[in-house]
Amino acid sequence: MGHPPLEFSDCYSDSPDFRERLKCNENELEKTNKFLKDVIKDGNNVINAIKEYSLAVQKFSQTLQSFQFDFIGDTLTDDEMNIAESFREFAGLLQDVEEGRMMLVQNACDLLIKPLEKFRKEQIGVTKERRKKFEKESEKYYSQLDKHMNLSSKKKETQLQEADEQLDKERQTFYESSIEYVYQIQQVQDRKKFDVVEPVLAFLQSILTLNNLTVEMTQDFLPYKQELQLSLQNTRNHFESTREEMEELMKRKKGSAQICIRHSQQATMEGYLYVQEKWALGVTWVKYYCKYFKDSKLFIMVPMEQKTGTKQTTSQLTLKSCVRRKTDSTDKRFCFDIETNERCSPVLLQAISEVNRKQWMEAMDGKEPVGHLSLSLSVFIWPPLSVDPKCPADVDFNSTDMDIKTITSALKFYLRSLSEPLMTYSLHGELILAAKSENQDYRLGAVHSLVYKLPERNREMLELLIKHLVSHSIENLMTVSNMGVIFGPTLMRAEEETVAAMLDIKFQNIVMEILIEDYSKVRHAPFISVSVTIQAKRSDRKQFSFENCYICTLKIFFKPKQKCCVRKQF
C-alpha cells in the first residue's frame, strides 16, 4: 500500500493527520535523495575505477536491488509495476556479468551522473526550498494567530479591522505556500518514476553495448529494454495528462479557502478552536483541533497544548445545542457556546475568525442568542437565461477553411463539456476498479460488461468514436496508449475533483486502451450493434439541444457530407 495522496483542501484545515501524511512524503523524498547520492557515487566508481570494475558493478547492482519504489494511490498500472521492478531486473543482469572487461564510454557521465544531479538540484532541491518557505510561513501565521486571539474586543474598531486584515494576509500567504509545497512534493514523487530510471537505463545500455559482452546477452536484454522504454513513455504520458488536470485543480483551490462540506463518513466540519477552561488559578484558553460529525452530533476535541502538571486527553462530546455568544458578555471575539450531554455547563469556544464562527454554527445548526434581532438580505437566485435550442447550421467539412485540428479540437471540447461524461458518473468507480485489476482477462471482461450498462445513446456514441479511432489508427500514427491519454480524461471523469481522482486518470486511460485494443473482440457485442439513420431532408428536422444530439455530432464528424438530424426520441 502506497502513501495516501495529499489533498489541496487539507492545506486549509492543516490537521495533525495532514501533517503526518506530509511527514511521510518528506521521509520518502529524503530516502530518494540518499538513493540518488548512492547511485551517483557508485556510477563514478564504475567510470573511474577500471581495475575494480567488477566490484563496483556488484555494489551498484546491490544498490539497485535494495531500492523499492513507493507510490501515491492504492494501485499501480502495469507500466508502473514494470518500472517498479526495473531496478531488480537491472541488478539481476549485472549479477550475471561476473567479469567486466570493457572500456566505459567517455560520455558515461553525461548519461548517468548529470541527469541524476539535475534531478536532485531542480526537483529535490526546489522541493526543499518550498519546504523551508512552508515552515517559515506556518510558524509566522500561527504566531500571528495566537497574538490575534488575545486581542480584546474593547479595542478600537479600526485597530481590530487592521488586525483582521493583517491576519487574513498572513493566512492567505500560509495557504499558498502550503498548496505549492504539497503540489511540488507530489510532482517529485511522480517524476522520479521516469526521471530516475531513464538515466540508469541509458547508462546500463552503454555498458552492454561497448563491452565485450556476448551477442546472446545483448539480445536477451533487448526485448526487456523495449518493453521498459514503452512503459516509461506510457507512464510519462499518463503523468503529463494528470499534471495538467492537477495544475488546474491547484489553481482553483488556491483561489478559495472555503471549507467544503464533507461526506457522511468524514467530519462535517473540522479545524482549530480555542476552548475556555477554568483552573484553580484562573481562566485559560487552550487550543484544540476539533471535529464535528453532524449525523451523530459527535464533537471531538484533540488538545494541541499540554499544560504543565496535567495530562490532557481527547474529549468526545455529544452536541445538544449551539448558541452564538454575545460580544458584551466576553472580551473575546468570535465566540459561541455549545451544550453537551456529557458536561453540566456550556463549553465556550472561540473560532479563528467571524467567517469561521459562522461556518461552525451553520454545521451545528447554531442559533442566535435570545433577544438578538438578525438582519439579513434576501437572496434571489435567478433562473438561467432561456435560449431556444437551434439545430446547428450545415457545415461543409470538405471546405479548405476547415482545418482537421480545429474539427478534432471542437469534438474533444464538446465531449469534455458535457454535463455528465459519456461513460457516466454512476459507472466511473466500477470502471476504475476494473482497470486496477491485476488479472488482464478479468479486466477486459469487466470493462466490456460495464460498457453494456451505459445508456443506449452513450453506447452508440462510444461505438462510433471507438470504431473511428480503430479504423484510422494507421493514418493518425498514434499508439493505443497515446489515444488512451487523449480520450481517457475526455470520456471519463470523477464527479468530485480531488487529487485522488486526478491520480486515477491513468486508469481512465487504461479503460480506453482496452476498448480500442480489443475492439475486434467485441464489435459484434450488443453495445455496438445499434445503427443510426441520418435524415437528410431539412423538413424532417426539429429544434433540439445540441448537447443531447450525441449521434448526429459523431456522424457529422465521421461523415462530413451527412447533415445533422433529430430523432423523435431525443
Side-chain angles (χ1 to χ4, degrees), residues 2-29 70-74 123-124 126-142 145 168-192 238-263 265-272 289 291 352-353 355-356 359 363 428 432 489 492-508:
H3 298 303
L6 297 170
E7 296 292 349
F8 292 129
S9 58
D10 289 341
C11 296
Y12 296 112
S13 61
D14 195 27
S15 66
D17 292 340
F18 168 72
R19 290 285 183 148
E20 184 64 27
R21 295 198 303 271
L22 190 61
K23 185 65 177 178
C24 291
N25 281 270
E26 291 170 348
N27 292 338
E28 170 58 22
L29 189 64
D70 284 338
F71 56 92
I72 300 174
D74 56 3
Q123 300 300 325
I124 297 180
V126 170
T127 304
K128 289 184 176 181
E129 291 298 321
R130 292 279 174 87
R131 177 183 178 181
K132 291 179 181 178
K133 180 182 178 182
F134 165 73
E135 291 175 345
K136 178 181 177 181
E137 295 298 336
S138 177
E139 181 180 358
K140 187 176 180 181
Y141 166 64
Y142 283 112
L145 179 60
D168 289 341
K169 182 178 179 181
E170 294 294 343
R171 181 187 297 114
Q172 185 63 31
T173 302
F174 165 65
Y175 287 163
E176 291 180 359
S177 66
S178 179
I179 289 178
E180 290 172 355
Y181 179 46
V182 167
Y183 172 77
Q184 178 65 24
I185 198 170
Q186 294 195 125
Q187 290 297 297
V188 174
Q189 295 281 40
D190 273 349
R191 289 188 67 92
K192 70 180 182 182
H238 292 323
F239 168 79
E240 291 298 333
S241 63
T242 302
R243 180 180 61 82
E244 293 176 2
E245 299 290 339
M246 196 172 292
E247 283 183 352
E248 290 299 322
L249 177 60
M250 181 188 69
K251 292 176 182 178
R252 291 193 293 272
K253 292 294 184 180
K254 287 175 67 175
S256 173
Q258 295 297 322
I259 298 178
C260 299
I261 299 299
R262 307 299 181 91
H263 297 293
Q265 296 180 350
Q266 296 178 317
T268 306
M269 183 72 183
E270 60 180 294
Y272 288 99
Y289 190 84
K291 295 182 179 181
I352 62 175
S353 68
V355 173
N356 186 238
Q359 291 172 338
H428 181 85
I432 293 297
M492 293 181 63
R493 66 178 183 269
E495 191 166 6
E496 182 180 2
E497 288 186 327
T498 63
V499 173
M502 297 298 104
L503 294 176
D504 279 341
I505 288 179
K506 55 193 175 186
F507 294 104
Q508 297 175 187

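Hydrogens, waters and symmetry mates are skipped; everything else that's a heavy atom, side chains included, is used.
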For side-chain contact (heavy atoms from CB on, under 4.5 Å), just list the numbers for Glu497 and Glu248, CA-CA rounded to whole Å, side-chain angles, deciding distance to a tenth of an Å, and then say yes or no.
CA-CA 10 Å; Glu497 288 186 327; Glu248 290 299 322; over 6 Å; no

Does the distance from a Lys or Arg side-chain N to an Asp or Glu carboxylate O, for Glu129 and Lys133, drop under 4.0 Å?
no

Using side-chain contact (heavy atoms from CB on, under 4.5 Å), reason through Ser178 and Phe18 one step at a time and then give a plain yes or no.
CA-CA 11 Å; Ser178 179; Phe18 168 72; 4.1 Å; yes

Do the side chains of Asp190 and Arg243 get close enough for a salt bridge, i.e. N-O under 4.0 angstrom?
no

Over 12 non-hydrogen atoms of neighbours within 6.0 angstrom of CD in Glu20:
no

Rounded distance (nearest 0.5 Å) linking atom CG of Leu29 with atom CD of Gln123:
10.0 Å

Say whether, by atom type as modelled, one donor and one acceptor occur between the side chain of Gln508 and the main chain of Met492 under 3.5 angstrom.
yes

From CA spacing to verdict: side-chain hydrogen bond (donor to acceptor under 3.5 Å, both in side chains), Ser138, Arg19:
CA-CA 12 Å; Ser138 177; Arg19 290 285 183 148; 2.8 Å; yes

Using only atom types and a distance under 3.5 Å, with no angle test, would you say the side chain of Glu7 pairs donor to acceptor with the backbone of Ala500?
yes

Over 12 non-hydrogen atoms of neighbours within 6.0 angstrom of CD in Glu139
no

Using the rule given for salt bridge (Lys or Arg N to Asp or Glu O under 4.0 Å), can you reason through Arg493 versus Glu245, listing the C-alpha separation, both sets of side-chain angles and the distance that settles it, and then say yes or no?
CA-CA 11 Å; Arg493 66 178 183 269; Glu245 299 290 339; over 6 Å; no

Using 0.5 Å steps for rounding, measure from the CD atom of Glu244 to the OG1 atom of Thr242.
9.5 Å

Using 0.5 Å steps for rounding, measure from the CD atom of Gln186 to the CG atom of Leu6.
4.5 Å

Can you tell me how far apart CG (Asp10) and OG1 (Thr498) are? Round to the nearest 0.5 Å.
10.5 Å

Flag the pair Lys506 / Ser241 as yes when at least one side-chain heavy-atom distance between them is below 4.5 Å, and no otherwise.
no

Can you name the closest pair of heavy atoms from Pro5 and Arg21 and give their distance?
O-NE, 4.0 Å

Assign the ring pair Tyr289 / Tyr272 to parallel, tilted or perpendicular, where the plane angle (0 to 90°) is split at 30° and 60°.
perpendicular

Output the distance between atom CE (Met250) and atom CE (Met502), rounded to the nearest 0.5 Å.
13.0 Å

Determine whether Asp14 and Tyr142 satisfy the following criterion, side-chain hydrogen bond (donor to acceptor under 3.5 Å, both in side chains), listing intermediate values before the conclusion.
CA-CA 11 Å; Asp14 195 27; Tyr142 283 112; 2.5 Å; yes

Any salt bridge between Asp17 and Lys291, counting N to O under 4.0 Å?
yes

Taking the side chain as C-beta and beyond, is there a heavy-atom pair between Glu180 and Phe134 under 4.5 Å?
no

Should the ring pair Tyr175 and Tyr12 be called parallel, tilted or perpendicular, given that the plane angle runs from 0 to 90° and is split at 30 and 60?
perpendicular

Would you say that Lys192 contacts Ile124 through its side chain, given a criterion of any heavy-atom pair below 4.5 Å between the two side chains?
no

Rounded at 0.5 Å granularity, tell me how far CD in Glu28 sits from CD1 in Ile185.
9.5 Å

Identify the two heavy atoms, one from Thr268 and one from Ala363, that lie closest to each other, and give their separation to 0.1 Å.
CG2-CB, 4.4 Å

Intermediate values then yes/no, side-chain contact (heavy atoms from CB on, under 4.5 Å), Arg171 and Ser353
CA-CA 11 Å; Arg171 181 187 297 114; Ser353 68; 4.2 Å; yes

Can you find a pair of side-chain heavy atoms, one from Glu137 and one from Glu176, that are under 4.5 Å apart?
no

What's the verdict on side-chain hydrogen bond (donor to acceptor under 3.5 Å, both in side chains) for Tyr181 and Glu26, showing C-alpha distance, side-chain angles and the deciding distance?
CA-CA 11 Å; Tyr181 179 46; Glu26 291 170 348; 2.6 Å; yes

Side-chain heavy-atom pair Phe8, Val499 within 4.5 angstrom cut-off:
yes

